[in-house]
Structure formats: C-alpha cells, structure tokens
Amino acid sequence: MKIKTIVKTAGVCAVSVACSKTAPQRPNIIVIMTDDHTCQAMSCYGSELVQTPNLDRLAAEGMRMDACYVPNAISGPSRACILTGKYSHVNGFTDNSRTFDGSQQTFPKLLHEAGYQTAMIGKWHLNSEPQGFDYWSILEGQGEYYSPLFIENGTKVIEDGYVTDVITDKALSFLDEADPSKPFMMLYYHKAPHRDWMPAQRHLGMNEDKVYPEPATLLDDYKGRGRAAAEQEMMIARHMWPDWDLKLMKPSELLEDEADSALLAKTGNANVDDVSRANKAGNGARQFRNAFNRMNEQEKQRWNEAYAPRIKEWEAVKDSLDGDGLTRWKYQQYMKDYCAVVTALDENVGRLLDYLEEKGQLDNTIIIYTSDQGFFLGEHGWFDKRFMYEECQRTPMLVRYPSAIKAGSTSKALAMNIDIAPTLLDYAGVDVPSDIQGLSLRPVLESKGKAPKGWRDAVYYHYYEYPSWHSVKRHYGIRTERYKLIHFYNDVDEWELYDMLSDPYELHSVYDDPAYADVREDMHERLTALQKQVGDTDPDEKNSEFFQGADAL
Ligand code: SGN
Ligand code: CA
C-alpha cells in the first residue's frame, strides 16, 4: 500500500497512517536571541554592511518576517515580554532597573511541565534567577566579551575565551547531554553585538580597510520632530566615547590599575554597580581597562597590534575633525567593530546549525532567530535603541521549521516578540493560557507569510526608562501598516505622527499638518482602543512609580 504523505503541521504528524498508531513527535525548540543585532546588519535583510551567510541560510530555509516589532525596545523588558508573552506593564519588567518576578508564568515553565528538557544559556539580564530550566548558565548582568563570568545553576564561574564562542560551546554541550527520549527547548541568548563591540581575536583588524556606506540620515539635524529626538544622548559625534566605544586607548594607558582590579575581584564583572556609575560620569577609560584586562597576555598583544593603525590615524585627525567630519569618522570605526562582532555571531550560529544537521536534529527543531530589539547603525546620527522609531522598534525574526514553513518565504504580517511564547506552545501541543497577550504565528508561518483574516492591524509600544542612559524620553504609541503615532510624556508632552509611506525615515512629523487631521483623529482613536485592549490605560499617570532611577541600574 502506498502511504499518502500529508505534511500537515510539522512535528504533529507527517504521515497519516503512522499518526494513528504512534504518539505524535513533538518538535525540539531553539530560540536564538542576540543583543542589539538589527536587520540593517543582516545580509538576508539586504544589508550591505556585513555578510551573514549562516543567518541567510536560516532565512533561505525558513521564513523571514519583515514586520516584527518589540513592545519596549530595551534588553530586560524585551526578554520578559518573550518569556511571558505579555507586555511590560503586565509582566512588571518595564525597565532595566527592575527585578523579574520569576514566580510568574513563562513559556519555558509550561514546556518544562509538558515534559520538555529546558535550558537557558547566555545573556539573561533579568536580575533574578532563571526558573523553569533544567540547566542554566547565564552571564552576570551585561556580561563581558573576554573571559566572561557565568552563573551556572547558581555557581559563579569565569570561562576562558570569547563570549560568543563560549555560549555556543555551552549550548552544544547541553545538546550533547540531552536525553534523546524527550524533546528539548533551549534559549541560546548572545551578548553580541552589544556595546562596546569587542571583536574576537580571529577577527581583529578584519574590517580596518573597509569603507562603509553611510545611512541616509547620518547627518540628521532633528528638525521636523520634537524635543525627544533633539535631547537624547546617543549621538555618535557627542556620546560615543573614544576610549570605550572606539578602542582608542594607547597600550600604556591600558595597564591594569589596582583600584580597577580590586573592584573586578569584588564584582567579577566590570559592568555592574560602581563601574557603571563611574562610567556615567564619563569614565569610559576605566571601563575599557577592565574589559581589556580580562584578556590574556597574548590576546592583549594582538589586540594592541590590531588597533595601532586606528590610534595612529586618530592622533593625526582628531584636532581637525569636528561636527559632521567627526560623526563620519566615528561611524566608520563603529561599523568596523560592530560588523566584526556580528561575524563571530554568524559563525557560531553556523556551528549550531552544522551540529544539529550532523546529529540529524536540524529538521525536527523549530529555530527562531531574533534580537532583543533593533539598533541604530548611524541612522539619525545615533547608536543605541529605545525609541519607537523604525530601526529599533523593528527586530529581526527568522523562523526555520521545514515541515511547516516554506523555504525562502517572507512575511509582512505584523508580528511581535510576545508572539514567540504562544507560537512555541502551539507547536508543542500545549494549551496557550488565555492571559497570554501575544498571538500564535502558526497561521502566518504555515500560509507562506500571509496574515489570516482578523489578524492584528496595529502594534503597541511603551518605553519607560527615563531619566537614564542615553536620555530617551518616556513614550508610548501605535504603529499600523502605514502610520505611527507617538506620545512623549513625563518631562514633556509632545505628539508625533509619521506617514511611513511618504516618510520612511521618520524625519517629518505630520501631527500638526491639516492634511493629516483625519488620520490623526483616527490614530488617536485606535491608540485608545489598543491601550484598552492590552490593559495599558492611563499610561502617563501610572508609570511615574515604575522607574526606580538610574542609580538602580
Ligand atoms: C549599558 C550601555 C548602554 C546601553 C545599556 C542598555 N552602556 O549600560 O549604552 O544602552 O547597557 O543596553 S555601556 O557603557 O555599559 O556600554 S541593554 O541592551 O542591555 O538594554
Ligand atoms: Ca539590547
């Protein structure tokens, strides 16, 4: 008898006859999340800055989501949204100063209860211990690029090597030891390419001769928008530090400092408490010295050799550069380092894919690739994120699961990172609790990216961390397929409205343009309705109590 193959929804049943007799096989799950990796630095999204062949492979063999948005473009909050499938005002983790209430419902816990082996490896950044995992090994706070300190099932351990490689080593070890009779779910969360973009030894100097294309808005003058865009502190020219960000300290300035070492021994991490505060006062040099001195002698030597030409060039040009020239020069250095860090990331994703393939596990594993939010790579003259502007509200999302998702498909359906939890529960055959606010992406993934009838037609956003790093004012808003309405509040009360079709770079708010009066009214109504739907009513008032202040970071 010829068995008729009905490739239904993958992992549930591939062969109708077999289905009736054997228990359905549940898919393995890997969520790859990077930190501050943006679509503009992925060749599968059309980037000309860097080649990412392994991420491109994920896109070519799966689906590239082109309209995936975060509800709050900053690390801890984004992570909490993913874990819970709920917005920040519901899961309680509104800004990086919060402590995640680990007793609440999360999708890893639900999968664990359903028999999955669960692991969390890499950057966690939620200030409380992970719950719901059989194995966890997390970076402390932001983590370090070299000799990173991990907390592994509660014990601190410093690992030799480069953070992106080490996180992958740990991921592969977990997979090696996993019980083959059960499915696994692994959160494989990178630090890279977070500031201060320190490349791996093998990539030192790899981009030094490159000249990167400049984004159209690199020399933005912030006219046409309100105070928030003008008053932020994330300008490449003014807020990107030569010592920390651009690696311009001379070898003689990098010698280990006794006070720094004592602090390092105490905290095990240069990026917490005292150092972080010192950094705010402008002590990027101290922070970089700490990061640098985590390298061994050979690594330090190679580092110094690699950066010597850049330092020499800086000495020659620094007095003559000002304004636009400074932005341009710094932008080039920023891209050299950021892209080198992305290269290590891409290589390591390749290692993971090769491993799964070799073990015959690639096709029965749902792989999601995303970042905790997008990032500015010079657009508007900026680095960092936080704004509801497109470069960082939008985040990459690739999904590979060949038996359900057509290879090389793309989707314009409005997706959010709170959709990850219900999507994975859905595929694992676990009931999606009714309090989860995201939507299962399964109908989109399984119809070549087409949104089903009744799919969401807008996404909500709310950012809270102000006053703090980079001085991005608190704001909330709504984005529909065409328009974006934003309200900046707290020490300001300003609205912005963008027509993304005629102004994709968000340079001219049309909030006060009479031609947009009807759109403005409609968008206000939609925003109010959406806030009611997601339970974020009266947002200006409620949030005064949320942020604990920059000192709590
Ligand atoms: C650190 C960085 C900031 C960054 C925040 C939050 N400063 O404080 O530039 O915005 O993290 O980033 S640094 O001097 O330590 O590099 S997040 O991705 O973790 O939210
Ligand atoms: Ca981040």
Side-chain angles (χ1 to χ4, degrees), residues 32-39 41 70-82 88 93-98 100 122-127 138-145 148 163 189-198 232-236 238-247 267 269-292 294 334 337-338 341-342 345 370-377 382-387 391-396 417 463-472 547 549-553:
I32 310 174
M33 185 161 68
T34 46
D35 194 347
D36 297 353
H37 190 203
T38 188
C39 299
V70 296
N72 187 356
I74 185 151
S75 171
S78 221
R79 289 155 206 278
C81 288
I82 290 175
S88 306
F93 201 102
T94 47
D95 61 67
N96 277 341
S97 74
R98 313 295 297 178
F100 183 66
K123 182 170 171 183
W124 172 248
H125 208 205
L126 288 169
N127 299 324
I138 58 169
L139 293 167
E140 189 180 54
Q142 294 285 2
E144 293 289 348
Y145 276 105
V163 69
Y189 281 10
H190 283 286
K191 169 191 174 63
H194 191 274
R195 193 180 181 193
D196 67 323
W197 319 294
M198 289 175 80
Q232 45 59 44
E233 294 177 0
M234 47 200 261
M235 290 172 69
I236 290 178
R238 290 172 54 193
H239 307 108
M240 186 173 263
W241 300 323
D243 36 27
W244 174 239
D245 296 304
L246 303 174
K247 294 88 182 172
T267 64
N269 187 322
N271 266 337
V272 293
D273 303 332
D274 317 40
V275 175
S276 184
R277 273 192 212 113
N279 195 35
K280 274 180 217 135
N283 198 351
R286 184 184 189 197
Q287 192 159 303
F288 187 71
R289 208 158 39 232
N290 275 332
F292 177 85
R294 298 183 81 90
Y334 169 32
D337 291 334
Y338 184 95
V341 172
V342 168
L345 188 64
T370 191
S371 171
D372 59 348
Q373 79 295 302
F375 208 67
F376 292 106
L377 299 183
W382 293 339
F383 65 105
D384 215 66
K385 53 266 177 175
R386 299 161 191 267
F387 274 106
E391 291 82 356
C392 55
Q393 184 194 5
R394 181 177 176 231
T395 198
N417 68 5
Y463 170 81
Y464 307 77
E465 195 178 292
Y466 178 87
S468 182
W469 279 93
H470 304 296
S471 277
V472 175
F547 187 52
D551 278 354
L553 288 178

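Indexing begins at 1, ligand by ligand and atom by atom, following the structure's order.
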As an exercise, identify every atom of ligand 1 less than 4.0 angstrom from a heavy atom of [X].
X	answer
Arg386	4 (C), 5 (C), 6 (C), 10 (O)
Asp384	4 (C), 9 (O), 10 (O)
Lys123	18 (O), 19 (O)
Trp244	13 (S), 14 (O), 16 (O)
His125	19 (O)

Close N or O approach ([X], ligand 1; < 3.5 Å):
X	answer
Asn96	yes
Ser75	yes
Trp241	no

Any idea which part of Asp35 is under 4.0 Å from ligand 1, heavy-atom wise: side chain, backbone, both or neither? side chain
Is there a side-chain contact between [X] and [Y] in this structure, where contact means two heavy atoms from C-beta onward sitting under 4.5 Å apart?
X	Y	value
Phe375	His37	no
His190	Leu345	yes
Phe387	Met234	yes

For the Ca ion (ligand 2), find the closest N/O/S atom on Asp36 and give its atom name. OD1
In Asp35, what N, O or S atom is nearest to the Ca ion (ligand 2), if we give its atom name? OD1
Within 45° of the six-membered ring axis of Tyr145 and under 6.0 Å from that ring's centre, is NZ or CZ of Lys191 located there? yes
Quick one: does NZ or CZ of Arg289 land under 6.0 Å from the six-membered ring centre of Trp244, within 45 degrees of the ring axis? no
Nearest non-hydrogen atom to atom 2 (C) of ligand 1 belongs to which of Glu465, Lys191, His194? His194
Can you tell me if Ile74 contacts ligand 1 (heavy atom of the residue under 4.0 Å from the ligand)? yes
Check Arg79 with Asp372, please: is the shortest side-chain N to carboxylate O separation under 4.0 Å?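 A salt bridge links Asp372 with Arg79.
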Taking the Ca ion (ligand 2) as the vertex, how big is the angle to OD2 in Asp372 and OE1 in Gln373, rounded to 10°? 80°
For the side chain of Asp36 and the backbone of His194, is there at least one donor-acceptor N/O pair under 3.5 Å apart?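 No, the answer is negative, given that no donor and acceptor are paired below the 3.5 Å cut-off.
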Is the side chain of Glu465 donor-acceptor paired with the backbone N or O of Asn96 at a distance under 3.5 Å, no angle test? yes
Is the distance from the ring center of Phe383 to that of His239 below 6.0 Å? no
